[in-house]
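Worksheet: the structure to be examined is printed underneath.
Quick note: numbers below take in every heavy atom, side chains included, and nothing from hydrogens, waters or symmetry partners. Just so you know, residue 1 is the first one in the sequence shown, and it goes up from there.
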Amino acid sequence: MNKQKRIRDYGIVIGHMPTGQNNALTDVPGVRVGHVTLSRGAVQTGVTAIIPHSGNLFRDKMRAAVHVVNGFGKTAGLVQLEELGTLETPLLLTNTLSVGTVWEGLVRYMLDTNPEIGLTTGTVNPVVAECNDGYLNAIRGGHVRPEHVAEAIRSAAAEFGEGACGAGTGMSCYGLKGGIGSASRRVSLQAREYILGVLVLANFGRLPDFTLNGRRVGERIEQLQRERGELSAIVTPLENKEKGSVIIVIATDIPASERQLQRLARRATIGLARTGSFLGNGSGDIAMAFSTANPVRHFETEDIVVQQEFNENRIDDLFRSVAEATEEAVLNALVCAETTVGRDGNVRHSLREYLEALI
């Protein structure tokens with residue numbers, strides 16, 4: 001997908017199911033991802049935009065669902081998404097204190113591209129999710145601006161960066177540098193191959209709990225940090241609590257109902273657990289899923305609309321796909337992220353610095 005070395009480039013293969021072409025969320029046809037990265041000194045933050053299709057998303061909505069694992073988070077739009085089961089805007093990710101700003105920017109974008117909103121039809125439901133990047137980022141500065149939303153959307157493409165970019169610029173994961181990660185799996189249904197892709201904004205976990213492909217390696221990394229004098233990576237008992245967050249976005253071209261999508265979203269927790277997370281009290285863990293099949297037309301004229309959904313007797317392959325792709329997406333976020341020095345000289349080291357000693 002890009003020139004970054006990902007977890008498979010180190011000989012670490014997650015799961016058993018085949019991947020999509022680029023092993024990324026954008027293997028799902030029509031899905032694109034764009035970033036705005038703000039990285040200069042104490043400013044380590046940004047915006048990531050996920051675009052479900054290239055058409056008008058307000059007029060042709062995606063069937064969608066949300067599963068709130070632990071609700072220690074500040075999001076926008078999830079109430080209506082859960083009630084109506086549709087996604088009608090790009091899905092935006094950013095830092096905790098920029099949700100309102102990104103919401104404003106997304107509203108502006110939707111009004112500019114849909115002159116009927118608020119005049120001849122109803123308003124719009126922007127969906128914005130966040131994680132707290134305050135350890136590396138001067139989060140009080142309000143560095144994300146509304147215009148960054150349109151910029152991120154315009155930059156969206158099938159190939160996109162992972163690690164410390166976009167909304168992931170200032171994120172931490174398992175006491176290491178976290179950020180954006182992605183993976184995908186291929187699923188065969190009725191002699192046709194479909195794609196299920198996952199993107200994570202990884203900002204969670206305690207380093208002692210970190211597990212790499214079934215091996216608990218966090219304590220070994222801590223030992224290496226002490227030996228190398230990386231004192232900034234040694235945390236206090238308060239900091240060592242599980243109080244981060246993770247946003248998981250699942251996309252598929254498999255026809256699915258909102259209820260089925262929610263069942264898939266729940267299985268993302270399996271992938272998180274495999275990396276060592278126990279989904280602590282202070283962690284905001286939210287999974288969203290959408291299908292690019294069966295668009296819901298805003299100006300539908302038929303009273304009865306026929307929709308397809310997959311045979312639920314085949315759902316186990318999809319459950320496995322979500323679990324595997326979520327686990328691998330987290331590891332890609334960790335291994336793609338560069339070591340970053342941010343606010344007040346705080347440092348988060350890349351997993352890459354320790355891999356040779358772990359594998």
Side-chain angles (χ1 to χ4, degrees), residues 25 33-36 45-52 57-58 61-110 123-134 137 139 142 144 146 148-149 152-153 166-173 178-181 198-204 242-251 258 261-262 264-266 268-269 272 277 279-290 326 329 333:
L25 184 82
V33 174
H35 299 304
V36 167
T45 193
V47 176
T48 293
I50 299 165
I51 318 297
L57 192 53
F58 180 74
K61 311 175 197 301
M62 299 290 91
R63 293 195 176 273
V66 59
H67 176 57
V68 178
V69 184
N70 193 67
F72 205 114
K74 294 80 182 166
T75 57
L78 297 192
V79 171
Q80 183 171 315
L81 191 156
E82 183 175 31
E83 179 70 20
L84 301 185
T86 56
L87 176 68
E88 62 184 16
T89 71
L91 200 161
L92 274 291
L93 307 177
T94 190
N95 75 65
T96 305
L97 297 187
S98 295
V99 170
T101 301
V102 171
W103 186 94
E104 178 186 353
L106 187 49
V107 168
R108 289 182 185 177
Y109 173 83
M110 295 303 295
T123 57
V124 66
N125 182 51
V127 177
V128 183
E130 54 75 33
C131 291
N132 186 345
D133 59 12
N137 176 46
I139 196 169
V144 173
H148 291 141
V149 171
I153 293 172
T169 303
M171 300 300 172
S172 305
C173 186
I180 297 291
V198 171
L199 181 145
V200 300
L201 178 60
N203 188 63
F204 67 97
E242 165 64 288
K243 55 186 181 65
S245 296
V246 60
I247 305 299
I248 305 155
V249 179
I250 301 161
E258 304 93 306
L261 290 167
Q262 188 175 63
L264 297 182
R266 291 193 187 107
T269 57
L272 296 181
S277 174
L279 309 169
N281 174 65
S283 185
D285 310 309
I286 298 169
M288 291 171 276
F290 65 86
T326 301

Inset, instruction - Tell me, yes or no, whether the heavy-atom count around Glu82 atom CD, taken from other residues, nucleotides or ligands under 6.0 Å, exceeds 12. - result: no
Legend entry - Backbone of Ser172 reached by a side-chain donor or acceptor of Asn203 within 3.5 Å: yes
Inset, instruction - With rounding to the nearest 0.5 Å, note down the distance linking CG in Leu87 to CD in Gln80. - result: 10.5 Å
Inset, instruction - Evaluate whether atom CZ of Phe58 has more than 12 neighbouring non-hydrogen atoms of other residues, nucleotides or ligands under 6.0 angstrom away. - result: yes
Inset, instruction - With rounding to the nearest 0.5 Å, note down the distance linking CG in Leu106 to CG in Leu92. - result: 5.0 Å
Inset, instruction - Over all heavy atoms of both residues, which pair between Arg108 and Pro146 is shortest? Give the atoms and the distance, please. - result: NH1-CB, 3.6 Å
Legend entry - Minimal non-hydrogen separation, Met110 against Pro90, with atom names: SD-CD, 3.9 Å
Inset, instruction - Without swapping roles, check the side chain of Thr96 against the backbone of Asn132 for a donor-acceptor pair under 3.5 Å. - result: yes
Legend entry - Pairwise side-chain contact, Met288 with Leu78, heavy-atom cut-off 4.5 Å (strictly under): yes
Legend entry - Non-hydrogen atoms of Gly85 and Glu258 that approach each other most closely: O-CG, 3.3 Å
Inset, instruction - Kindly say whether Asn125 contributes a backbone atom to a donor-acceptor pair with the side chain of Glu88 at under 3.5 angstrom? - result: yes
Legend entry - Atom pair CD1 (Ile50) and CG (Leu199), whose distance is rounded to the nearest 0.5 Å: 4.5 Å
Inset, instruction - Indicate whether any N or O donor in one side chain lies under 3.5 Å from an N or O acceptor in the other, for Ser283 and Asn70. - result: no
Inset, instruction - Would you indicate whether the side-chain heavy atoms of Leu279 and Phe204 approach each other to under 4.5 Å? - result: no
Inset, instruction - Would you confirm whether Thr94, through its side chain, and Thr48, through its main-chain N or O, come within 3.5 Å as a donor-acceptor pair? - result: no
Inset, instruction - Quick one: closest heavy-atom pair of Gly168 and Ile180, and the distance? - result: N-CG1, 3.9 Å
Legend entry - With Ile153, the side chain to side chain contact (heavy atoms under 4.5 Å, CB included) member among Val36, Val47, Ile51: Ile51
Legend entry - Heavy-atom pair of closest approach, residues Leu201 and Met171: CD1-CG, 3.8 Å
Legend entry - Asn137 CG to Thr45 OG1 distance, which is reported to the nearest 0.5 Å: 4.5 Å
Inset, instruction - Would you indicate whether the side-chain heavy atoms of Leu272 and Ile248 approach each other to under 4.5 Å? - result: yes
Legend entry - Closest non-hydrogen atom pair, Pro52 against Met62: CB-CG, 3.7 Å
Inset, instruction - Please examine the side chains of Val144 and Val102, heavy atoms only from C-beta on, and report whether any two atoms are closer than 4.5 Å. - result: yes
Legend entry - Intermediate values then yes/no, side-chain contact (heavy atoms from CB on, under 4.5 Å), Val249 and Phe290: CA-CA 8 Å; Val249 179; Phe290 65 86; 4.0 Å; yes
Legend entry - Test item: Thr75 side-chain N/O and Ala129 main-chain N/O as donor-acceptor pair under 3.5 Å: no
Legend entry - Gap between atom OG1 of Thr169 and atom CG of Asn95 - 0.5 Å precision: 10.0 Å
Inset, instruction - Can you spot which of Val200, Asp285, Leu93 makes a side chain to side chain contact (heavy atoms under 4.5 Å, CB included) with Ile247? - result: Leu93
